[in-house]
Amino acid sequence: MVERLTIGPELIGIRRHLHVDPELGFHEERTSRFIAEQLRSHGIAVLDNPLPSQTGVIGLIEGEQPGPYIALRADIDALPVAERSGLDYASHNEGVMHACGHDLHMTSLLAAAFWLAEHREHIAGRIMLLFQPAEETGQGAQAVVDAGIIDGVDAIIGTHNNPDYLPGQIAVGAEPMMAGCVKFAVTLHAQGTHAGYPHMGTGPIEALASMILSVQSIVSRNATPFHPLVVSITEVHGGDVWNVVPAEAGFLGTARYFYKDDGQLVERRFRQIIASTAEAYGIEADVEWDDFADPLVSDAALAAAVAQDVPQYASLEPIRPSMAGEDFCEYAQRTRLLFAFIGSNGAPGHYGLHSPHFVGLDGELQPAAEFYVNAALRVLDELRKSPVNRVALV
């Protein structure tokens with residue numbers, strides 16, 4: 001039997017308030033104060049915050065029976081995007097928008113928290129409510145880990161709204177859900193010269209062009225076509241004057257992958273291409289390769305257990321992997337992960353995440369809140385029945 005929730009005017013008002021007043025990562029002061037006030041007003045303890053930014057909120061609900069310790073996480077930051085959604089509760093902060101739907105995440109976790117606080121007799125264990133800052137920068141989860149906030153937590157549960165699914169649809173399982181993310185930068189060092197005397201220098205522009213074309217062959221000629229893999233060049237720079245061959249040039253980009261071996265293949269071939277091309281052109285090249293997020297994959301046993309309950313309150317859908325990244329993966333350093341996509345739009349022609357026109361529908365809130373509640377109760381039960389050694393602290 002699963003638990004059902006109701007999303008009433010109080011929670012709709014909370015969602016509107018959060019959407020109107022978005023804040024960027026590690027600057028979520030008003031948002032954090034508001035969340036803390038909401039938790040306290042419903043009798044939920046708010047713990048001291050050890051994060052250097054002092055943003056984010058840590059709540060705690062103690063069950064009436066002893067048991068495992070789990071966490072429910074929602075991200076709270078917005079994006080530097082000027083909202084053009086047309087909503088009557090659009091952002092009042094010009095240039096900042098909840099274009100990724102984190103207002104939905106916060107509201108659904110608050111809804112779940114309110115219910116859990118009123119039904120502690122159903123809880124055998126402890127539940128941390130983790131309202132995490134700075135997901136969009138890729139730094140928030142690691143800050144939480146570094147601060148020791150989830151030390152001792154046996155499992156952590158997260159969600160992300162997904163506008164490619166309809167409200168009432170939930171995807172959860174053991175397959176990779178969100179991509180591993182790499183940020184790379186290449187800087188070329190050459191001998192600049194007058195544009196009329198190119199033979200007097202070793203300009204980097206031709207080498208840069210050759211490198212960009214060559215790295216595009218990594219996916220098409222090195223990787224299996226059965227694994228999603230992307231290498232994208234997103235910024236190119238070099239030169240300031242029309243009649244000077246510059247001494248430096250470079251480019252930035254990203255790689256996205258779902259299997260660690262693929263990420264390692266891309267890095268290896270990328271470095272080989274850059275080094276050999278630089279040598280051929282008689283220049284030097286520096287490569288910065290920041291593999292800052294692993295693929296996001298749920299714990300198989302927990303995902304299978306939780307998925308059994310979903311059809312009783314939502315439509316269980318197959319996972320359609322996203323090439324976007326999610327710093328929730330960082331929690332795997334300390335504990336077991338469970339993650340779900342919650343449908344938030346699905347209408348023909350809808351706008352995607354990070355668009356200034358993005359609209360997440362209120363219909364996402366009830367399935368998301370019910371997922372948090374039912375997944376929490378199921379995971380506590382599974383951990384109690386089949387305890388395993390938690391991830392070793394490193």
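When a residue number appears, it is its place in the shown sequence, counting from 1. Note that this is a predicted model, so its numbers are computed, not measured.
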Worksheet item: Minimum heavy-atom separation for Ala155 to Leu302, with atom names?
Response: CB-CD1, 4.0 Å

What class does the angle between the rings of [X] and [Y] fall in, given that below 30° is parallel, 30 to 60° is tilted and above 60° is perpendicular?
X      : Y      : value
His105 : His160 : perpendicular
Phe184 : Trp289 : parallel
Phe328 : Tyr331 : perpendicular

Heavy-atom side-chain proximity of [X] to [Y] below 4.5 angstrom:
X      : Y      : result
Val373 : Leu116 : yes
Ile58  : Met128 : yes
Leu365 : Leu104 : yes
Tyr89  : Leu18  : no
Arg334 : Val153 : no
Phe358 : Leu353 : yes
Gln139 : Asp327 : no
Glu326 : Met177 : no

Would you say [X]'s side chain and [Y]'s backbone share a donor-acceptor pair under 3.5 angstrom?
X      : Y      : answer
Ser355 : His357 : yes
Asn345 : Val359 : yes
Asn49  : Gly56  : yes
Thr202 : Gln191 : yes

Does [atom1] in [X] sit with more than 12 non-hydrogen atoms of other residues, nucleotides or ligands closer than 6.0 Å?
X      : atom1 : answer
Glu279 : CD    : no
Asn243 : CG    : yes
Glu288 : CD    : no
Gln216 : CD    : yes

Discussion item. Salt bridge (Lys or Arg N to Asp or Glu O under 4.0 Å), that's the test. Do Glu94 and Arg84 meet it? Break it down for me.
Written reply: CA-CA 10 Å; Glu94 183 60 33; Arg84 299 293 181 263; 3.6 Å; yes

Practice prompt. Evaluate the side chain to side chain contact (heavy atoms under 4.5 Å, CB included) criterion for residues Val145 and Ile150: first the C-alpha distance (whole Å), next the side-chain angles of each, then the deciding distance (0.1 Å), finally the verdict.
Written response: CA-CA 6 Å; Val145 171; Ile150 64 163; 4.3 Å; yes

Drop me the distance from [X]'s [atom1] to [Y]'s [atom2], to the nearest 0.5 angstrom.
X      : Y      : atom1 : atom2 : value
Met178 : Cys329 : CE    : SG    : 9.5 Å
Met211 : Phe251 : CE    : CZ    : 6.5 Å
Ser298 : Leu338 : OG    : CG    : 5.0 Å
Leu337 : Asp299 : CG    : CG    : 8.0 Å
Ile273 : Ile212 : CD1   : CD1   : 12.0 Å
Asp75  : Met106 : CG    : CE    : 8.0 Å

Fill in: Leu213-Val219 co-clustered via ILVMFWY side chain contacts under 4.5 Å
no

Discussion item. Using the rule that Ile, Leu, Val, Met, Phe, Trp and Tyr join whenever any side-chain heavy atoms are under 4.5 Å apart, tell me whether Leu188 and Leu252 fall into a single cluster.
Written reply: no

Worksheet item: Can you name the one residue among Tyr259, Phe258, Tyr257 that meets side chain to side chain contact (heavy atoms under 4.5 Å, CB included) with His227?
Response: Tyr259

Worksheet entry | Worked verdict on Asp77 versus Leu24 for side chain to side chain contact (heavy atoms under 4.5 Å, CB included) | CA-CA 5 Å; Asp77 57 325; Leu24 299 178; over 6 Å; no

Worksheet item: Listed by chain and number, what are the side chain to side chain contact (heavy atoms under 4.5 Å, CB included) partners of Pro167, not counting sequence neighbours?
Response: Leu361

Fill in: Ring-face cation of Arg320 near Phe341 (centre distance under 6.0 Å, axis angle within 45°)
no

Practice prompt. Please assess Arg16 against Asp362 for the test salt bridge (Lys or Arg N to Asp or Glu O under 4.0 Å), listing each intermediate value before the final yes or no.
Written response: CA-CA 10 Å; Arg16 299 288 191 273; Asp362 289 337; 2.9 Å; yes

Fill in: Pair Glu37-Arg33, salt bridge (Lys or Arg N to Asp or Glu O under 4.0 Å): steps then yes or no
CA-CA 6 Å; Glu37 290 167 1; Arg33 285 196 299 271; 5.7 Å; no

Response to the item:
Which of His98, His92, Arg30 passes side-chain hydrogen bond (donor to acceptor under 3.5 Å, both in side chains) with Asp21? Answer is Arg30

